[in-house]
2 protein chains.
Amino acid sequence: MPEDVDAGEVLAGSVGFLLSKLGMTSAARFAEMLEPLGIDPRHFGILRIVAMTEGQSQQRLAEALHVPPSGMVALIDDVEARGLVERRRNPNDRRAHALHLTTKGRRLYERALEIATAYEEHLCGGLSDRERDHLLALLHKVAAGYGTPAGSHPGMA
Amino acid sequence: MPEDVDAGEVLAGSVGFLLSKLGMTSAARFAEMLEPLGIDPRHFGILRIVAMTEGQSQQRLAEALHVPPSGMVALIDDVEARGLVERRRNPNDRRAHALHLTTKGRRLYERALEIATAYEEHLCGGLSDRERDHLLALLHKVAAGYGTPAGSHPGMA
DNA sequence: TATTGTTATACTCTATAACTATA
DNA sequence: TATAGTTATAGAGTATAACAATA
């Protein structure tokens with residue numbers, strides 16, 4: 001009977017514990033929701049940054065996402081194999097690849113954005129709009145203590 | 001220049017993204033703070049549950065923490081090698097090990113609890129007491145949507 | 001025959017650093 | 001000589017399932 005053994009009341013009062021637990025649980029849920037699309041949250045991150053900065057080189061994105069170059073190769077290989085991203089030759093510097101979304105990639109990215117929205121609804125379903133705004137503000141306030149840039153996520157690395 | 005490429009404003013408005021990012025960042029910080037003790041957050045979890053339920057078997061704890069039996073062996077090996085936990089023979093069932101904290105283990109666990117408290121302070125340093133309580137309440141409300149028991153953390157598995 | 005704990009195997013993930021092609 | 005990208009290799013981590021001791 002694991003119930004005997006649970007007794008986690010102490011940690012229920014800890015912001016750190018709850019944050020870590022909720023972050024992990026909800027990220028796993030997001031990953032499940034993306035599964036029908038054949039991608040995971042990191043691929044989503046790649047699609048997002050390529051969509052925002054078409055034509056950039058792999059290493060530039062690797063730096064921005066704090067992913068080692070070899071890891072970026074694997075990630076781009078994944079999305080390229082699915083026909084979502086194209087490596088184009090850069091005529092100015094033929095060492096570098098210019099990354100672009102394919103039409104299929106753009107469509108899938110849009111579907112992924114819808115899933116992200118549905119996920120957000122799912123997550124905040126129990127909150128009123130006011131509560132959601134308040135939670136967001138409080139999270140930003142906590143996050144301010146960690147000087148991390150807005151768009152980057154440690155899970156990419 | 002990664003700054004050109006950042007542009008994460010959209011996700012800054014997402015509870016899910018922030019939660020996942022903050023959870024991961026702050027958990028990494030907690031791990032760093034535990035490092036001087038030679039343990040990581042999972043070992044802390046083991047010490048905690050053993051402290052709360054002295055004499056339990058490995059498999060009972062494994063079930064409670066959703067860790068596979070072989071993983072529990074590795075985890076207990078770690079803390080036993082550091083002299084923090086003892087495997088005692090159970091006279092009633094000599095297949096099973098009864099797990100107990102050593103004196104050293106109890107002392108180290110208490111230091112780890114102090115670190116956990118310091119970590120919580122560090123995390124919530126930017127918040128007033130009222131804000132902290134409010135954040136906790138909102139997080140609990142979100143967590144209610146995921147029927148996870150209070151003490152368990154998916155990171156143990 | 002079932003169960004506790006252990007070990008062995010195989011698998012995934014990832015990072016480091018060597019390599020190529022361009023510059 | 002330096003840089004973009006790739007590949008090869010080796011290491012950590014982890015799960016599956018076979019195994020030994022006990023019930």
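All figures in this text were calculated on a predicted structure; none of them were measured in a lab. Lettering of chains follows the sequences in order, A, B, ..., and the numbering in each one begins at 1.
Listed by first then second residue, pairs satisfying salt bridge (charged side-chain N to carboxylate O under 4.0 Å, His left out) with a partner in residues 12-29 of chain B read R29(B)-E32(B), not counting sequence neighbours. Sorted by first and then second residue, the salt bridge (charged side-chain N to carboxylate O under 4.0 Å, His left out) pairs with a member in residues 104-126 of chain A read E54(A)-R106(A), E120(A)-R132(A); sequence neighbours excluded.
By the 4.5 Å heavy-atom criterion applied to side chains, M72(A) and I46(A) are counted as neighbours.
For the atom pair H97(A) NE2 and R89(A) CZ, the distance stands at 3.5 Å (nearest 0.5 Å).
Between Y109(B) and F44(B), the ring planes lie tilted relative to each other; the angle falls in the 30° to 60° range.
Rounded to 10 degrees, the angle between the two end axes of the helix from dG5(C)-dC19(D) to dA23(C)-dT1(D) is 10°, with five pairs used at each end.
The two atoms that bring L19(B) and S26(A) nearest to each other are CD2-OG, 4.4 Å, heavy atoms only. When all heavy atoms of A112(A) and I39(A) are compared, the closest pair comes out as CB-CD1, 4.4 Å. Nearest approach of L37(B) to I115(B), heavy atoms of both residues: CD2-CD1, 3.7 Å. Among all heavy-atom pairs drawn from L127(B) and L135(B), the shortest one is CD1-CD2, 3.8 Å. For H153(B) against S20(A), the heavy-atom pair with the smallest separation is NE2-OG, 2.7 Å. Nearest heavy atom pair, residue L18(B) against residue A143(A), reads CD2-CB, 4.4 Å.
L75(B) places its CG atom 14 Å from the P atom of dG5(C), with the value rounded to the nearest Å. If you measure from atom CG of N90(B) to atom P of dT4(C), you get 12 Å, rounded to the nearest angstrom. Protein atom CD of Q56(B) is 11 Å distant from nucleotide atom P of dG5(C), rounded to whole Å.
Where I76(A) and R95(A) each meet DNA chain D at their nearest nucleotide, the meeting point lying more 5' is that of R95(A).
Across residues 29-41 of chain B, not one residue has a non-hydrogen atom less than 4.0 Å from an atom of DNA chain D.
Bracketed by its first and final contacts, the part of DNA chain D lying under 4.0 Å from non-hydrogen atoms of chain A reaches from dA2(D) to dT7(D) in 5' to 3' order.
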Start with the C-alpha gap between V85(A) and L101(A), add the side-chain angles, then the distance that decides, and say whether side chain to side chain contact (heavy atoms under 4.5 Å, CB included) holds. CA-CA 4 Å; V85(A) 164; L101(A) 285 189; 3.7 Å; yes
- Taking it one step at a time, do V79(B) and V50(B) satisfy side chain to side chain contact (heavy atoms under 4.5 Å, CB included)? CA-CA 11 Å; V79(B) 285; V50(B) 172; over 6 Å; no
Its contact letters, B for base, S for sugar-phosphate only and - for none at protein heavy atoms under 4.0 Å, make nucleotides 7-19 of chain C read B------SBBB--
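If you check every strand for non-hydrogen atoms under 4.0 Å, R89(B) touches nothing.
OP1 or OP2 of dG5(C) has not a single side-chain nitrogen or oxygen of Q58(B) nearer than 4.0 Å.
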